[in-house]
Protein chains: 2
Amino acid sequence: MSKKEALLKAAQLKVRSGGYNNFSFRELATAVGIKSASVHYHFPTKEDLGAELAHQYTNDFLNALGEPQLLNASGINPIDAYINQFRNALLEDKKMCLCGLLGAESDSLPEKVRNETKRFFEHNIEWLEKAHAVVAPESKAAAKKNAIKTIAMLEGAMLISKAVDNNDVFELAVTELG
Amino acid sequence: MSKKEALLKAAQLKVRSGGYNNFSFRELATAVGIKSASVHYHFPTKEDLGAELAHQYTNDFLNALGEPQLLNASGINPIDAYINQFRNALLEDKKMCLCGLLGAESDSLPEKVRNETKRFFEHNIEWLEKAHAVVAPESKAAAKKNAIKTIAMLEGAMLISKAVDNNDVFELAVTELG
DNA sequence: GTCTATAATTTGATAGAC
DNA sequence: GTCTATCAAATTATAGAC
């Protein structure tokens, strides 16, 4: 893993624990064994790092899923697969969704970071629209509404599970989603 | 309004925009016309301020609603009233729920603040359990599950509306909640 | 209750050597 | 790519006067 990749990985953990203001260049540098000044070689400013972090997170998240049509053709319910990806983030990483946290603090984010956070949700809603359409054919408007309801419930369930420190809350909230 | 009340009000706006790390004693002091050192007279540490902020927010939130049984007796659906309180926070204040944001960054919060944030959700889930029980009699387990689903959807819908900067998302997500 | 003054630390960022 | 050295600014917090 390159130093740049390691820096993004370290940053992801910090942001998913406490948001955009919860990491410093010095902390990341120490975590990967370089000096603070060297971080600026990879990311000119903190805003650049934050934007690249959210952008990569979005791509990784969607790439790990694959296309809903292909999942369905393989006998996998794409909505179940989507829920499982959120479940794993919560149970394995024991962390919030990166863009869930950034989305909540959207008002105070630097522009580039805010834009990348918005992009996460736009692309995820689009993915879920396709998923809903492929699982149970319905109107375009109904698919969009169901897509929004699905991701809203997942982000909310994650948030509250973290807040009360009890993952059962997540399971109770998402039981009837799939 | 006392200086202390004004400080909490200023802090609430900052935290609801960007989380616990998004305000400083100096900013709050300037906002209410005193000096940073004087803030420590009202709140010994930042953790104390954060905890009192979340505690007061929880009390104000529930007091504004009143008891679900009383609402129901007055011909008001308590779940609709609850949804409206979230809607107003988003449309009028144009801000996230304070404890929604704090809950998302729970892992990195000072202990007192984390505990008060947890208390917000425990009390709100309890309130919603009563509301569901009063609207449509059902098992205690079912009422609890519905309470969790309701607040998860509201927090998630709010979060995503902020992230994509479009309040229609909130309305789409909550249409079938009441 | 509020002030001045100040301490100790952390922060994002830059210049320039290697 | 990484370093040393450094900076200006911001942060939480305290001591003591008024």
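Each chain gets a letter, A, B and so on, in the order its sequence line appears, and its residues count up from 1. It should be emphasised that the depicted structure is a prediction, and the values quoted were computed from it without experimental measurement.
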Legend entry - Under the side chain to side chain contact (heavy atoms under 4.5 Å, CB included) test, residues paired with B:Ser106 that sit two or more places apart: B:Arg114
Inset, instruction - Considering just the side-chain nitrogens and oxygens of B:Tyr41, establish if one lies under 4.0 Å of OP1 or OP2 belonging to C:dG1. - result: yes
Legend entry - Gap between atoms NE2 and P, on A:His42 and C:dA13 respectively (whole Å): 15 Å
Inset, instruction - Tell me whether A:Leu70 is reachable from A:Phe61 by hopping between hydrophobic residues (I, L, V, M, F, W, Y) whose side-chain heavy atoms are closer than 4.5 Å. - result: no
Inset, instruction - Evaluate the side-chain proximity of B:Met96 to B:Glu155: yes if any heavy-atom separation is below 4.5 Å, no if none is. - result: yes
Legend entry - Residues in side chain to side chain contact (heavy atoms under 4.5 Å, CB included) contact with B:Lys9, at least two apart in sequence or another chain: B:Met1
Legend entry - Pairs touching residues 60-70 of chain A that satisfy side chain to side chain donor-acceptor pair (under 3.5 Å), sequence neighbours left out: A:Glu67-A:Lys130
Legend entry - Positions of residues 106-117 of chain A (non-hydrogen atom under 4.0 Å from DNA chain D), listed by number: none
Legend entry - Protein-to-nucleotide contact annotation, 5' to 3' order, nucleotides 6-18 of chain D [B base; S sugar-phosphate only; - none; under 4.0 Å, heavy atom]: B----BBBB----
Legend entry - Options C:dT4, D:dT2, C:dG1, nucleotide nearest the side-chain atoms of B:Lys35: C:dT4
Legend entry - Whole angstrom value for the distance that separates C1' of C:dT2 from NZ of B:Lys4: 16 Å
Inset, instruction - Output all residues satisfying side-chain hydrogen bond (donor to acceptor under 3.5 Å, both in side chains) with B:His132, sequence neighbours left out; order by chain, then residue number. - result: B:Thr150
Inset, instruction - Could you state whether A:Phe43 and A:Leu13 fall into the same hydrophobic cluster, counting links through intermediate Ile, Leu, Val, Met, Phe, Trp or Tyr residues with side-chain heavy atoms under 4.5 angstrom apart? - result: no
Legend entry - Short side-chain N/O contact to D:dG1 OP1/OP2 from A:Ser38, under 4.0 Å: no
Inset, instruction - Could you tell me whether B:Asp107 and A:Lys162 make a salt bridge, using a distance below 4.0 angstrom between a side-chain N and a carboxylate O? - result: yes
